[in-house]
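A short write-up of the structure that comes next.
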Number of protein chains: 2
Amino acid sequence: MNDSDEGAGHAAQSKRKDARRNKETLLDAAAAVFVASGVEAPVRDIAAKAGVGMGTIYRHFPTRADLIVAVYRHQVEALAEAGPALLAACATPHAALGRWINLFVDFLVTKHGLAAVLQSDNAGFDTLHAYFLDRLLPVCTQLIDAAAGSGEISSDVDAYELMRGVGNLCIGADHDPRYDARRMVELLIAGLRRPH
Amino acid sequence: MNDSDEGAGHAAQSKRKDARRNKETLLDAAAAVFVASGVEAPVRDIAAKAGVGMGTIYRHFPTRADLIVAVYRHQVEALAEAGPALLAACATPHAALGRWINLFVDFLVTKHGLAAVLQSDNAGFDTLHAYFLDRLLPVCTQLIDAAAGSGEISSDVDAYELMRGVGNLCIGADHDPRYDARRMVELLIAGLRRPH
DNA sequence: CAACGAGACGGAACGTTGCTCCGCTTGGCA
DNA sequence: TGCCAAGCGGAGCAACGTTCCGTCTCGTTG
């Protein structure tokens, strides 16, 4: 499940250390290119930035989704862990849900094109889809259940649908000053409120 | 502005009748392929379906956006005209707005991938973007203003932002049974309601 | 009716991407 | 030091958008 987070501990998985060094180099290069050109940047560009051949990329990360997951894993983990923390810290479950959704939106809009790719039905991004869902859906479900349990929101909302809707609203939020995804998400969350 | 809607009248624009016939053939073929494979179907496929060369497509429709606009022009016009009609027919402006948004959503979700392309920042779809905005934004603005005037909704909502948000919510609405764009749009519209 | 030319046609060709495959290099062990 | 598997690089293939130009045909004119 994880093989790129080795601290200063013992041995690791990859036999050869040049391979592991390349993997790190690739992650750094990919992160830089993603910021500069978005997550759909040509693979060749990433390889060039890292100073390696394309074969090296595909060996370490068989699909682009694997690379994206590796680059953003830390942030996604943090997001997942923020859910229960917010639930404990906030006055009401609804407030926690709102705060968490805000974090989610912040994450998406600051990652060039990630939202678009995330909703893409393009086979090959299945891994990415699955990772986000596996990691975040339970958290979102927990928040929604809590808010529904306290009677603050209508209870027939599905966490998958909500996350997908929020993700959709974040598409193209950068490079369009006339569109503020955060406000639209706020409206959506406001619409969740139990009528009356 | 229009050169494909000639009824039984006099002469038309294109000198050669084979050219005009080909244009019609292309529109029919494109509509069929769009239904079958989505609006991002390979240009070669459309050319093959129409039985013409690719040069012919690019001569009649310099960009893909031009082709899409031509194919859906009638439906967009109908949507634009439905706005004032609904405003006149419905009991409240808010009801008219809701009904109109529903029509908009119906249009988007039944057109394979149109919503995605519509929000794409990809240069080359600018024409498409511009056409939809030119035609529908005034209508939406009118509906929003009416609803705001009657005090039913908070008045600080921008028509562009709303349409963009709705369009975003419709992305990928087909081929995902777990996601119902209509419900998400309902939530968004519900969120528009003036608090209390 | 025949010749002509403007305009339309078709598809080969080019550039850009994703992805694979294979000969070469090199790290690490004996 | 020598060996060899793991790792590497990039050439190569396929799919796609787009352009370009030689060919063909419609409609007119003599």
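In what follows, chains carry the letters A, B, and so on, assigned in the order in which the sequence lines appear, proteins first and then strands, with residues in each chain numbered from 1.
Remark on DNA chain C: of its neighbouring residues B:Met54 and A:Arg21, the 5'-side contact belongs to B:Met54, judged by nearest-heavy-atom nucleotide. The nearest heavy atom of DNA chain D to B:Val43 and to B:Asp18 marks one nucleotide each, and the one closer to the 5' end goes with B:Val43. In terms of position along DNA chain D, the nucleotide closest to A:Arg44 lies nearer the 5' end than the nucleotide closest to the other residue of the pair A:Arg44 and B:Gly55.
Note on A:Lys17: a side-chain N or O is less than 4.0 Å away from OP1 or OP2 of C:dG28. The phosphate of D:dC8 (OP1 or OP2) has a side-chain N or O of A:Asn22 nearer than 4.0 angstrom. Between A:His60 and the phosphate of D:dC8, there is a side-chain N or O to OP1/OP2 separation shorter than 4.0 Å. Listed pair A:Arg16 / C:dG28 fails the phosphate criterion, with no side-chain N or O lying under 4.0 Å from OP1 or OP2. Phosphate proximity of C:dA8 to B:Thr56: absent, as no side-chain N or O sits under 4.0 Å from OP1 or OP2.
Between the CD atom of A:Glu40 and the P atom of C:dT16 there is a distance of 18 Å, rounded to whole Å. Rounded to a whole Å, the CZ atom of A:Arg59 is 16 Å from the P atom of C:dC19. Taking atom CD1 of residue B:Ile46 and atom P of nucleotide C:dG11, one finds them 17 Å apart after rounding to whole Å. In this structure, the CD1 atom of A:Ile68 is 11 Å from the P atom of C:dG18, given to the nearest Å. The interatomic distance linking A:Phe61 (CZ) with D:dG7 (P) rounds to 14 Å, in whole Å. Atom CZ in A:Phe125 sits roughly 9 Å away from atom P in C:dG18 (whole-Å rounding). Whole-Å rounding puts the B:Lys23 NZ to C:dG7 P distance at 16 Å.
The ring-ring contact (aromatic ring centres under 6.0 Å, His included) test applied to B:Tyr58 returns no partner, not counting sequence neighbours. Annotation: ring-ring contact (aromatic ring centres under 6.0 Å, His included) contacts of A:Phe61 (sequence neighbours excluded): none.
Put simply, the side chain of A:Asn168 does not reach to within 4.5 Å of the side chain of B:Met184, judged on heavy atoms.
The side chain of B:Tyr58 sits closest to D:dT18 out of D:dT18, D:dC8, C:dA8.
Among the atoms of the strands shown, only primed sugar atoms or phosphate atoms (P, OP1, OP2) are found under 4.0 Å from some heavy atom of A:Arg64.
For the residue pair B:Thr63 / B:Asp66, a side-chain donor-acceptor distance below 3.5 Å is found, with atom types taken as modelled.
Around the NZ atom of A:Lys49, the shell of radius 6.0 Å holds no more than 12 heavy atoms that belong to other residues, nucleotides or ligands.
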